[in-house]
2 protein chains.
Amino acid sequence: MSGGRPRAFDPETALDRALEVFWRQGYEGTSLSDLTAAMDINRPSLYAAFGNKEQLFRKVLDRYFTSPGAFAAEALEAPTAQTVIERLLLGAVELTTGRDTPHGCLSVNSVHACGPDSEPIRQEVIARRMAGEAALRHRFEQAADLPADTDPRVLARLVYTVTDGIAVQAASGCTRDQLHQVADLALRSLFQLPS
Amino acid sequence: MSGGRPRAFDPETALDRALEVFWRQGYEGTSLSDLTAAMDINRPSLYAAFGNKEQLFRKVLDRYFTSPGAFAAEALEAPTAQTVIERLLLGAVELTTGRDTPHGCLSVNSVHACGPDSEPIRQEVIARRMAGEAALRHRFEQAADLPADTDPRVLARLVYTVTDGIAVQAASGCTRDQLHQVADLALRSLFQLPS
DNA sequence: CTTGTTCTGTACCGATCGATACGAAACTAG
DNA sequence: CTAGTTTCGTATCGATCGGTACAGAACAAG
């Protein structure tokens with residue numbers, strides 16, 4: 001039992017740097033050289049601390065959902081279905097159009113991870129998306145402010161369809177203000193509110 | 001002036017094969033080996049006939065929008081704004097969940113083209129998307145079946161947000177039937193139709 | 001000190017990336 | 001037939017990919 005040479009970097013901040021790069025460039029678009037440059041560590045240090053590129057990305061995904069993407073889980077605690085949806089749509093706009101973060105959504109980007117070698121990553125992201133959708137459906141099943149003929153599954157899927165679309169729009173240059181208008185219109189349509 | 005050796009492949013079918021591969025694997029995820037294998041031609045033949053990978057992708061984009069994605073332009077000719085949106089949403093579902101085509105949308109995939117080297121591709125796709133959105137806005141400006149307080153820009157953006165979301169959902173495994181339900185609910189919400 | 005352990009830094013691995021050089025093959029024109 | 005032209009097929013280019021071997025540096029324990 002012994003000390004050994006102390007590591008010269010903080011794993012958490014390094015993980016944040018990796019999140020930055022993966023968020024902006026996607027899984028396949030990010031090379032190990034990009035990662036080591038952004039994390040300011042050498043290649044062997046990266047492998048020793050985080051496994052390999054795929055394992056690093058999974059840890060980055062965890063960090064993404066627990067900190068910038070935490071609003072999605074927290075939104076489910078809103079009192080009514082309407083406020084849940086409101087928080088989800090507005091939260092998606094904020095997340096995907098941040099001033100200090102890349103535009104778009106890491107999760108949505110990763111669904112389109114391209115090559116055959118990144119298929120496990122795709123599957124993992126898809127599994128997380130389905131879990132989120134199922135949670136939203138359960139939340140809707142317990143809501144009292146939805147019409148009786150509303151299918152919670154379809155509504156949950158529509159809401160995630162809109163948030164996914166928001167992410168795509170943000171990734172393709174739509175501004176935060178523009179997307180706020182879109183989210184507002186979507187909410188007014190869903191709940192037939194006066195404009 | 002002379003003949004020369006005739007080419008042993010049909011450029012149009014080769015382009016269709018390339019579309020297939022790019023559609024499924026994205027721009028960066030598709031290697032030249034993937035392309036030559038799918039198009040059943042050699043590397044120099046590809047370069048002689050289509051330029052390079054980027055130019056080939058642009059021609060594939062043209063083909064995509066003029067044949068599987070043609071519904072988007074045609075939908076604008078529908079008589080009312082409501083039917084325009086109807087055709088767009090249902091067309092998006094059909095396009096992105098085809099039996100004999102990859103799931104998802106080539107255009108939406110390419111927005112997330114990852115690395116810094118594929119930035120020109122991203123910009124081209126974004127430009128085409130903005131052109132489509134502008135066309136839809138103009139169509140809405142001339143529509144008689146929209147409430148007077150409707151902002152055509154916001155509505156156009158919302159419609160494309162939903163079609164983008166449909167593409168993401170399709171890419172992540174959602175079935176055609178499920179997305180039809182989503183599109184139906186979106187339409188009923190937008191136009192406050194009885195279910 | 002020495003020993004053991006862990007991390008750092010360089011230099012490198014085989015594989016694959018997009019892109020080409022070059023000669024043989026297949027055609028037309030004369 | 002020969003000459004000219006275009007495509008095909010192989011073999012290869014330099015660069016980069018993800019991943020590692022290995023030696024030296026920095027610590028703790030004795």
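First the proteins, then the strands, lettered A, B, ... as listed; each starts at 1.
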Considering only nitrogen or oxygen atoms on both sides, find all protein atoms under 3.5 Å from nucleotides 16-18 of chain D and state each distance.
{"from": "dC17(D)", "atom 1": "OP1", "to": "Ser31(A)", "atom 2": "OG", "distance (Å)": "3.4"}
{"from": "dG18(D)", "atom 1": "OP1", "to": "Thr30(A)", "atom 2": "O", "distance (Å)": "3.3"}
{"from": "dG18(D)", "atom 1": "OP1", "to": "Lys53(A)", "atom 2": "NZ", "distance (Å)": "2.8"}
{"from": "dG18(D)", "atom 1": "OP2", "to": "Leu32(A)", "atom 2": "N", "distance (Å)": "2.7"}
{"from": "dG18(D)", "atom 1": "N7", "to": "Arg43(A)", "atom 2": "NH1", "distance (Å)": "3.2"}

Before giving the answer on side-chain contact (heavy atoms from CB on, under 4.5 Å), spell out for Val60(B) and Val21(B) the whole-Å C-alpha distance, their side-chain angles and the decisive distance to 0.1 Å. CA-CA 10 Å; Val60(B) 161; Val21(B) 187; over 6 Å; no
In short, ring-ring contact (aromatic ring centres under 6.0 Å, His included) pairs touching residues 91-142 of chain B with sequence neighbours left out are His112(A)-His112(B)
So ring-ring contact (aromatic ring centres under 6.0 Å, His included) across residues 56-100 of chain A, not counting sequence neighbours, yields Phe22(A)-Phe57(A), Trp23(A)-Tyr64(A), Tyr27(A)-Phe57(A)
Per nearest nucleotide of DNA chain C, the residue lying toward the 5' end, Pro6(B) or Gly51(B), is Gly51(B)
Bend of the helix from dC1(C)-dG30(D) to dG30(C)-dC1(D) from end-axis comparison, five pairs per end, nearest 10°, comes to 0°
Give every donor-acceptor pair under 3.5 Å between a side-chain atom in residues 42-52 of chain A and any protein atom, sequence neighbours left out.
{"from": "Arg43(A)", "atom 1": "NH2", "to": "Ser33(A)", "atom 2": "OG", "distance (Å)": "2.8"}
{"from": "Asn52(A)", "atom 1": "OD1", "to": "Glu54(A)", "atom 2": "N", "distance (Å)": "3.3"}
{"from": "Asn52(A)", "atom 1": "OD1", "to": "Gln55(A)", "atom 2": "N", "distance (Å)": "2.9"}

Quickly work out the [X] [atom1] to [N] [atom2] distance and round it to whole Å.
X: Glu54(B); N: dC17(C); atom1: CD; atom2: C1'; answer: 16 Å
X: Leu46(A); N: dT8(C); atom1: CG; atom2: C1'; answer: 13 Å
X: Ile41(B); N: dT6(D); atom1: CD1; atom2: P; answer: 18 Å

Contacts of Tyr160(B) meeting ring-ring contact (aromatic ring centres under 6.0 Å, His included) (sequence neighbours excluded), chain-then-number -> none
Determine all donor-acceptor pairs shorter than 3.5 Å in which one atom belongs to a side chain in residues 72-81 of chain A; sequence neighbours excluded.
{"from": "Thr80(A)", "atom 1": "OG1", "to": "Thr83(A)", "atom 2": "N", "distance (Å)": "3.1"}
{"from": "Thr80(A)", "atom 1": "OG1", "to": "Thr83(A)", "atom 2": "OG1", "distance (Å)": "2.8"}

_Check: Gly104(A) main-chain N/O paired with Asn109(A) side-chain donor or acceptor under 3.5 Å_ = no
For residues Asp34(B) and Ser31(B), is any side-chain donor paired with an opposing acceptor at under 3.5 Å?
-> yes
Margin query: Once you apply a heavy-atom cut-off of 4.0 Å, does Ala49(B) come out as touching a base, just sugar-phosphate, or nothing?
Written below: nothing
For [range], pull every pair meeting salt bridge (Lys or Arg N to Asp or Glu O under 4.0 Å), keeping only residues two or more places apart or in separate chains.
range: residues 108-121 of chain A; result: Glu119(A)-Arg122(A)
range: residues 84-100 of chain A; result: Glu94(A)-Arg176(A)
range: residues 150-164 of chain B; result: Arg129(B)-Asp164(B), Glu133(B)-Arg157(B), Asp151(B)-Arg153(B)

The correct set of residues in residues 10-26 of chain A placing a heavy atom under 4.0 Å from DNA chain C is none
### Hphob cluster co-occupancy, Leu179(A) + Leu88(A), side-chain heavy atoms under 4.5 angstrom
yes
N/O-N/O pairs, protein side and nucleotides 22-24 of chain C side, under 3.5 Å:
none

Per atom distances to the Asn42(A) side chain, the nearest of dT8(C), dT7(D), dA26(D) is dT8(C)
Any ion pair linking Asp40(B) and Arg17(B) (charged N to carboxylate O, less than 4.0 Å)?
no
